[in-house]
Amino acid sequence: IIAEKNKMSSLLDPSFSEGSVLGLSTEAQESVGELLGDKNLRTIPVNETADTNENVVTYSQQVDMIEAYYGSIMILSALSSDDANTASQALPLANSIISELKVTKVPSSLVHFHRLKLMHYGVVQKMLTNIAYNSSPEDITASGVLFFEITNAMEQEKSNLMRESNLDS
């Protein structure tokens, strides 16, 4: 089962077989702060575009559409179900969100946020895989902690962006 899980993960994300997910190492990090640091985040490729109001609106609409189309709410509820079958069904949807987000044009002011979003869905993917293939409770717990830390960092970045936007108005 483990070999099949790794093979599946490698097909979904070719960097997995090289010891990474979305370009980030799967080896234990010294700290979540290190993982979320600029050095690691910059290794996540982003399709950057000019920072115009039109591009920001388009980006926001595209991300909302991608998440709605592939059922991000259902994917997140699959994490709390702890059911292997539900996680298995949600996994391809999470992978599709990652694939779509990788090619989405990102205004330069939103690059950091977008990288956090990609990392967020990468961790969701890992958690779903852990649940679907009955990984150890320690693996599931570690992924859960990382999920909440990344979600918190994403929310902080969103708050910072909103505050900056209000200052510019």
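The CD1 atom of I131 sits 6.0 Å away from the OG atom of S81 when rounded to the nearest 0.5 Å. We find the CE-CG distance between M119 and L146 to be 7.5 Å, quoted to the nearest 0.5 Å.
Remark: the backbone N or O of P107 is not paired with any side-chain donor or acceptor of D51 at under 3.5 angstrom. Checked by atom type and distance alone, the side chain of S60 never pairs as donor or acceptor with a backbone atom of V56 at under 3.5 Å.
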For a side-chain contact (heavy atoms from CB on, under 4.5 Å) check, start with the C-alpha distance between Y121 and S72, then their side-chain angles and the critical distance, and finish with the verdict. CA-CA 9 Å; Y121 279 109; S72 63; 3.3 Å; yes
Dump the intermediate steps for side-chain contact (heavy atoms from CB on, under 4.5 Å) on E54 and V57, then the final yes or no. CA-CA 5 Å; E54 182 180 339; V57 169; 5.9 Å; no
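Annotation: side-chain hydrogen bond (donor to acceptor under 3.5 Å, both in side chains) contacts of N134 (sequence neighbours excluded): none. Residues passing the ring-ring contact (aromatic ring centres under 6.0 Å, His included) test with Y70: none are found, sequence neighbours excluded. Residues satisfying the side chain to side chain contact (heavy atoms under 4.5 Å, CB included) test with Q89, not counting sequence neighbours, are N85. For T52, the side-chain hydrogen bond (donor to acceptor under 3.5 Å, both in side chains) partners are N55, not counting sequence neighbours. Scanning for ring-ring contact (aromatic ring centres under 6.0 Å, His included) contacts around Y59 gives H114, with sequence neighbours left out. Contacts of Q62 classified as side chain to side chain contact (heavy atoms under 4.5 Å, CB included), with partners at least two apart in sequence or in another chain: T58, T104. Looking at residues two or more places apart in sequence or on another chain, you find a side chain to side chain contact (heavy atoms under 4.5 Å, CB included) between A94 and I75, V124, L128. Residues passing the salt bridge (charged side-chain N to carboxylate O under 4.0 Å, His left out) test with K158 are E155, sequence neighbours excluded. Applying the side-chain hydrogen bond (donor to acceptor under 3.5 Å, both in side chains) rule to T86 yields the partners D83; only residues at least two apart in sequence or on another chain are considered. S143 is linked by a side-chain hydrogen bond (donor to acceptor under 3.5 Å, both in side chains) to N130, counting only residues two or more places apart in sequence or in another chain.
When every heavy atom of A132 is checked against every heavy atom of A87, the shortest pair comes out as N-CB, 3.8 Å. In terms of heavy-atom proximity, L79 sits nearest to M127 at CD2-CB, 3.6 Å. The minimum heavy-atom distance between A153 and L116, with the atom names listed, is O-CD1, 3.7 Å.
Side-chain contact between L76 and F147: present, with at least one pair of heavy atoms (C-beta onward) separated by less than 4.5 Å. Taking the side chain as every heavy atom from C-beta outward, T49 and V106 never approach each other to under 4.5 Å.
For residues 57-70, the pairs satisfying salt bridge (Lys or Arg N to Asp or Glu O under 4.0 Å) are E67-K117, with sequence neighbours left out.
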